[in-house]
Amino acid sequence: MTTRTQAARPSAVTADRLRASAAALQRRASRLKIVLGAVLTGIVVVPILLANVLPLPDPLEQDLSQRRLPPFTDGHLFGTDQLGRDLLSRVLHGGQVSLTIGVLAVVVSGVVGVIAGAAAGYYGRWVDSVVSRLLEAQMSVPLLLLLLLVVALFGPSITVITLVIAFAQWPEPARLTRAMVLVEREKPYVASARVLGLRHAAVLLRHVVPNIINQVVVVMLLLLAQAVLLESALSFLGAGVERPHPTWGRIIADGQGYITTSWWLVTLTGLVIVLLVVGVNLLGDGLRDRVGRSRPAKGESQ
Amino acid sequence: MARYLALRVAQSLLTVFLIVSTVFVLVRLAPGDPAAAIGGPTATTADLQAIRDELGLVGSIPSQYWHFVTGLLQGDVGLSYSFREPALDVVLERLPYTITLAGAATVLTALIAIPLGIFTARRANSSWDVGANIGTIAGQSMPEFWTGIMLLTLLAVVVPVFPASGFTSWSGLVLPAVTIALLQIALISRLVHREMASNLAAPYMTVARSRGVAERALTWRYAFSNSSIAVVTALGTRFAAMLNGVVVVEVVFAWPGIGSLVVRALETRDYPLIQATVLVTSLLAIGVQLLVDLLYPLFDPRVRVGKAVSR
């Protein structure tokens, strides 16, 4: 749109130059990322959501006469595993576990992170000290071993694994929210709201948080990708949701021993994870570029 | 200097205290009796009592905590059940291997990520840059254990260039280090890119250029010098997260470090051993970060340790 109005006006800046400008290039790159990301995410997520409806064998049904069939044999698109179970079905059902845990974990860590970060940024003083010290402490230690200890102690249920991942992720939204609230609270509308008699909590929840939530939500998409990776790493290490539920990490861990004779067990499962995570990451990255850029203009119009 | 040092050490100690307390609370919050889980169904009451004794699960909570902390200060986190020797010793024996791997991965990351970030920053928004951007996103999206198995299969089994597992020779270090570095390169090169791009666009660059400073010097002596502190900070703060990757990759490559140890400890429910690994790796990460903070002045003479850093 801008391109046309600019070109119609007599100007030394030609349409070609505008198209080659940094802003236009960036915009095109972000559009490419969003489209590519949405397509890749869709390719993986839609079959996972439809896994119970699709005409697939049961993911737990063993058939020892059909062990380790290569892909595309006897109606097994991804082949079968060491116990004769259909790999595609197992991967899709494993995806349901991963996505359930990932989405729940991101929601929990997002709510906790936004509340903690907003409180730290808005109230400052001791609230900020406590939250900031906690954030620093958590980010400076390798959490994976602690998470493994928790799963070992409390048992590998979906709830425990979700909470463990949420715990690992809350610093990200908390830091982002805190940083944005620090800027936001100095703006005149906050003082105006106070003058109009709103209490601090109301100003924070009704005015400050709605102004920043867009950017936090986009970052949460990137966290979903990390949650999926973390869940698969936990289950690879033996701290995944218990059997017989198939999980991505365990399919790969079990398939590792057969890699030389049955390459598809590890390779195809891993490729599905990569497709999903790349898709979500691209989508999140592209959207973040957009939200980040449109922000100043939006702030002025408000 | 002394004041800053004291503050940073105090902060690190606070983190250690938080971790230690978290581990203490977790073990006591866990449902069921850990002693019963360890002893198994055949354990007698006397066995269970002995295990509780060993775990420090007897007496009031404050006195348990006191014993836990004083034990730690003496380097005692209990006996490992599977090894029948002090858990801390078992972990410390494996530590050099983990440090070697983490160190190699860090060096590799720095050697590749920094030039890559500079290269793409100088060609911001070109197709090179977009390509590198998508490449780094892909690099962040691969589970390390999967990349490891793939590299292992391709370069140790199909085309046997490197040894398949363990630490038999120095060439065994290559594949695990590359696996860990892939993710780090993706993250660090983006950071180098951002820092370099903002420095390359700074007004002082225009001034220097107008005074005839060569492009090469502009990039390295001006922009990169000013970016280096952020890069070093990131390498330091990412060290903890990288250790997570090291744990996973060690399992894939049967590397004799802490990671493969902890998986075995999980299988045998060896709680003291898991506690020891949590403590040792946390201390390692905190130590590295402290060291990086103290190295700042080497990279940026404007930072006088002890004065406020605007960053």
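A note on names: the letters A, B, ... follow the listed sequences, proteins ahead of strands, and every chain is numbered from 1.
Taking A/Ile273, A/Leu146, A/Asp285, A/Val266 one by one and counting their heavy-atom pairs under 4.5 Å with chain B, the maximum is reached by A/Val266. If you tally non-hydrogen atom pairs under 4.5 Å between each of B/Asn244, B/Thr153, B/Thr15 and chain A, the highest count goes to B/Asn244. Your options are A/Ala233, A/Ala225, A/Gly238, and the one with the most heavy-atom pairs under 4.5 Å with chain B is A/Ala233. In terms of heavy-atom pairs under 4.5 Å with chain A, the best-connected choice from B/Val288, B/Asn133, B/Leu283, B/Val246 is B/Asn133. Heavy-atom pairs under 4.5 Å with chain B peak, among A/Leu275, A/Thr267, A/Leu282, at A/Thr267. Each of B/Leu18, B/Ile19, B/Thr281, B/Thr147 has some count of heavy-atom pairs under 4.5 Å with chain A, and the biggest count is that of B/Thr281. Among A/Leu144, A/Leu148, A/Leu134, the residue making the largest number of heavy-atom pairs under 4.5 Å with chain B is A/Leu144.
A/Arg178 places no side-chain N or O within donor-acceptor distance of the main-chain N or O of A/Gly117, the cut-off being under 3.5 Å. Although no hydrogens or angles enter the test, the distance criterion places a donor-acceptor pair under 3.5 Å between the side chain of A/Trp248 and the main chain of A/Val91. B/Glu250 places a side-chain N or O within 3.5 Å of a backbone atom of B/Ile258 that can act as its donor or acceptor partner. Between the A/Gln96 side chain and the A/Ile48 main chain, a donor and an acceptor come within less than 3.5 Å of each other. Panel note: side chain A/Arg250, backbone A/Leu237; no donor-acceptor pair is recorded below 3.5 Å. In this structure, A/Gln138 contributes its side chain and A/Phe167 its backbone to a donor-acceptor pair below 3.5 Å.
Of the atoms belonging to B/Ile137, heavy atoms from both backbone and side chain fall under 4.5 Å from chain A. In this structure, no portion of A/Gln226 lies under 4.5 Å from any heavy atom of chain B. Only the side chain of B/Leu14 comes within contact range of chain A, judged by heavy atoms closer than 4.5 Å. Looking at A/Leu32, the atoms closer than 4.5 Å to chain B (heavy atoms on both sides) all sit in the side chain, from C-beta outward. Contacts between B/Glu144 and chain A at a heavy-atom distance below 4.5 Å are absent for every atom of the residue. Contacts between A/Phe236 and chain B at a heavy-atom distance below 4.5 Å involve the side chain alone, from C-beta outward. Both the backbone and the side chain of B/Ile286 come within contact range of chain A, each with at least one heavy atom under 4.5 Å from a heavy atom of that chain. Contact annotation for B/Leu26: both backbone and side-chain heavy atoms come within less than 4.5 Å of a heavy atom of chain A. Heavy atoms of B/Met150 lying under 4.5 Å from chain A belong exclusively to its side chain. The contact between A/Ala152 and chain B is made by backbone and side chain atoms together, counting heavy-atom distances below 4.5 Å. With a 4.5 Å cut-off on non-hydrogen atoms, B/Ser282 touches chain A through its backbone and its side chain both.
Heavy-atom contacts from other residues, nucleotides or ligands closer than 6.0 Å to CZ of B/Arg238 number more than 12.
Closest of all the heavy-atom pairs between A/Leu230 and A/Ala168 is CD2-CB, 3.9 Å. Taking all atoms of both residues into account, the shortest heavy-atom contact from A/Ala38 to A/Leu283 is N-CD1, 3.7 Å.
Residues A/Thr247 and A/Glu231 have side chains that never bring a donor and an acceptor to within less than 3.5 angstrom of each other.
Using cut-offs of 30° and 60° on the angle between ring planes, the pair B/Tyr97 and B/Trp255 is perpendicular.
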